[in-house]
Number of protein chains: 2
Amino acid sequence: MPQPNPYAAKCPTRLVLDRIADKWTVLLMGLLDRGPVRFNQLRRQVEGLSQKVLSQTLRKMERDGLVTRTAYPTVPVTVEYSLTPLGRTLARTLAPLRTWAESHIEEVLCSQRAYDVSLV
Amino acid sequence: MPQPNPYAAKCPTRLVLDRIADKWTVLLMGLLDRGPVRFNQLRRQVEGLSQKVLSQTLRKMERDGLVTRTAYPTVPVTVEYSLTPLGRTLARTLAPLRTWAESHIEEVLCSQRAYDVSLV
DNA sequence: CAGTATCCTTTATGATACTG
DNA sequence: CAGTATCATAAAGGATACTG
């Protein structure tokens, strides 16, 4: 690749951005960064995330080389997801985003209220 | 707010994450971080971003207190968007994401190819 | 230039049922 | 437990036309 440029429509970095700039991915990476987690653990820990969407999201993350899926032949089957080394580098990049959301939430809410009032 | 927790469905930080974990926002913040930009400049610089979606995205960013919109009474009208101080803190948080996409794109593409082949 | 409004199509998500 | 498959619906996005 000569010059990665996410502002160009066909640049693959655009595809990656598309993938990682996703609410569920950000949340899931945060949980996975703590260690291996099972499917239903993730499901329970992220409120509002349906089984279907969790499954889809994990599949994409696996395809992108961010997580590995390990199935243990127990009965019933146990499946563990964990970050790859690549995934860990991304997790560390995404962590500040959750932190930002937490520490600036008040300012954002305040701004939203002011904006909404000004429209009346 | 007692304990911001984006993993809870009703936590406002979830709303913020939702908002900022968006491809266009990430790209726009990157451009705006360089200085004030006009509407059509943004439109031209971000390939694939339609006027409608750009407009919607800027409106949301304005509502969240990330950008300010300034209209100059020229003919025809000139409108400049620039980051607020709050927006600048977010821009700095998002920058590593674009960098990550650029520097790890090869690994991701490679992983995708391997994944897709393994499915055949 | 910088939008808004409308219509219409494409995607994404939700609910439900089923399986190794 | 950890999924997939299917159908229905809701949400997002594109195309086009129009305005101060």
Side-chain angles (χ1 to χ4, degrees), chain A residues 9-10 14-15 17-28 31-32 35-64 66-82 115-116 118-120, chain B residues 9-10 14-15 17-28 31-32 35-64 66-82 115-116 118-120:
Chain A
K10 284 167 195 158
R14 170 73 73 88
L15 296 175
L17 255 194
D18 218 1
R19 177 99 298 298
I20 64 189
D22 168 82
K23 179 177 60 171
W24 302 124
T25 301
V26 175
L27 293 174
L28 290 174
L31 292 176
L32 288 163
V37 198
R38 281 183 297 108
F39 185 87
N40 279 328
Q41 280 184 324
L42 289 170
R43 182 154 156 46
R44 274 189 299 272
Q45 287 183 82
V46 184
E47 272 186 52
L49 175 55
S50 72
Q51 185 179 40
K52 178 182 172 179
V53 173
L54 172 58
S55 179
Q56 289 174 344
T57 307
L58 286 171
R59 220 56 63 226
K60 290 178 195 165
M61 291 167 75
E62 196 187 349
R63 178 170 182 263
D64 289 346
L66 302 174
V67 304
T68 47
R69 178 186 180 280
T70 316
Y72 299 98
T74 53
V75 179
V77 65
T78 303
V79 177
E80 253 186 19
Y81 289 91
S82 42
Y115 184 91
D116 293 346
S118 76
L119 289 185
V120 180
Chain B
K10 284 165 197 162
R14 170 73 72 88
L15 297 175
L17 254 194
D18 219 1
R19 179 99 296 298
I20 62 188
D22 168 81
K23 180 176 59 170
W24 301 125
T25 301
V26 174
L27 293 174
L28 291 174
L31 293 177
L32 288 163
V37 199
R38 280 182 297 109
F39 185 86
N40 279 328
Q41 281 184 323
L42 288 170
R43 181 153 157 48
R44 274 189 299 271
Q45 287 183 83
V46 184
E47 273 186 51
L49 175 55
S50 72
Q51 185 179 40
K52 177 182 173 179
V53 173
L54 173 57
S55 179
Q56 289 173 345
T57 307
L58 286 171
R59 220 57 62 225
K60 289 177 195 167
M61 291 167 75
E62 198 188 348
R63 178 169 182 264
D64 289 347
L66 302 174
V67 304
T68 48
R69 177 186 180 281
T70 316
Y72 298 98
T74 54
V75 179
V77 65
T78 303
V79 177
E80 255 186 18
Y81 289 91
S82 42
Y115 184 92
D116 293 346
S118 75
L119 290 185
V120 179

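What you are looking at is a predicted structure, and each value in this text was computed from that prediction instead of being measured. A, B, ... follow the sequence lines: proteins, then strands. Residue 1 opens every chain. All values below come from the heavy atoms of this structure, side chains included, with hydrogens, waters and symmetry mates left out.
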Short side-chain to backbone donor-acceptor contact, T57(B) and V53(B), under 3.5 Å: yes
Those residues that, when tested against L15(B), pass side-chain contact (heavy atoms from CB on, under 4.5 Å) (two or more places apart): none
From CG (L42(A)) to CD (E80(A)), nearest 0.5 Å: 10.5 Å
Residues that R14(A) engages under side chain to side chain donor-acceptor pair (under 3.5 Å), provided they are two or more places apart: none
Stems formed with participation of DNA chain D [Watson-Crick or G-U wobble, under 3.5 Å, three or more pairs]: C:1-20 with D:1-20
Toward the 5' end of DNA chain C, by each residue's nearest nucleotide, S55(B) or W24(A): S55(B)
Verdict with supporting geometry, L32(A) and V37(A), side chain to side chain contact (heavy atoms under 4.5 Å, CB included): CA-CA 6 Å; L32(A) 288 163; V37(A) 198; 4.0 Å; yes
5' priority, DNA chain D, between V77(A) and Q56(A) [closest heavy atom]: V77(A)
Results of side chain to side chain donor-acceptor pair (under 3.5 Å) for S50(B) - residues two or more places apart only: none
Partners passing salt bridge (charged side-chain N to carboxylate O under 4.0 Å, His left out) against R19(B) (at least two apart in sequence or in another chain): D64(B)
Spacing between K60(A) atom NZ and dT11(C) atom P, to the nearest angstrom: 13 Å
Sugar-phosphate only, base, or nothing, as touched by V79(B) at under 4.0 Å among non-hydrogen atoms: sugar-phosphate
Side chain to side chain donor-acceptor pair (under 3.5 Å) involving T78(A) - partner list, sequence neighbours excluded: T74(A)
Identify every side-chain donor-acceptor pair in residues 20-27 of chain A under 3.5 Å, counting partners at least two apart or on other chains, and give the distances.
unit_1 : atom_1 : unit_2 : atom_2 : d
D22(A) : OD2    : W24(A) : N      : 3.1
D22(A) : OD2    : T25(A) : N      : 2.9
D22(A) : OD2    : T25(A) : OG1    : 3.0

Contact list for residues 37-61 of chain A, test salt bridge (Lys or Arg N to Asp or Glu O under 4.0 Å), sequence neighbours left out: R59(A)-E62(A)
Sugar-phosphate, base or nothing in reach of V53(B), heavy atoms under 4.0 Å: sugar-phosphate
Test side chain to side chain donor-acceptor pair (under 3.5 Å) applied to S82(B) - qualifying residues, sequence neighbours left out: T68(B)
Sugar-phosphate, base or nothing in reach of Y72(B), heavy atoms under 4.0 Å: nothing
Rounded distance (Å) that lies between atom C1' of dA12(C) and atom CG of D22(B): 15 Å
Near-strand residues of residues 39-52 of chain A, defined as heavy-atom separation under 4.0 angstrom from DNA chain C: S50(A), K52(A)
5' to 3' contact window, DNA chain D with chain B (heavy-atom distance under 4.0 Å): dG13(D) to dG20(D)
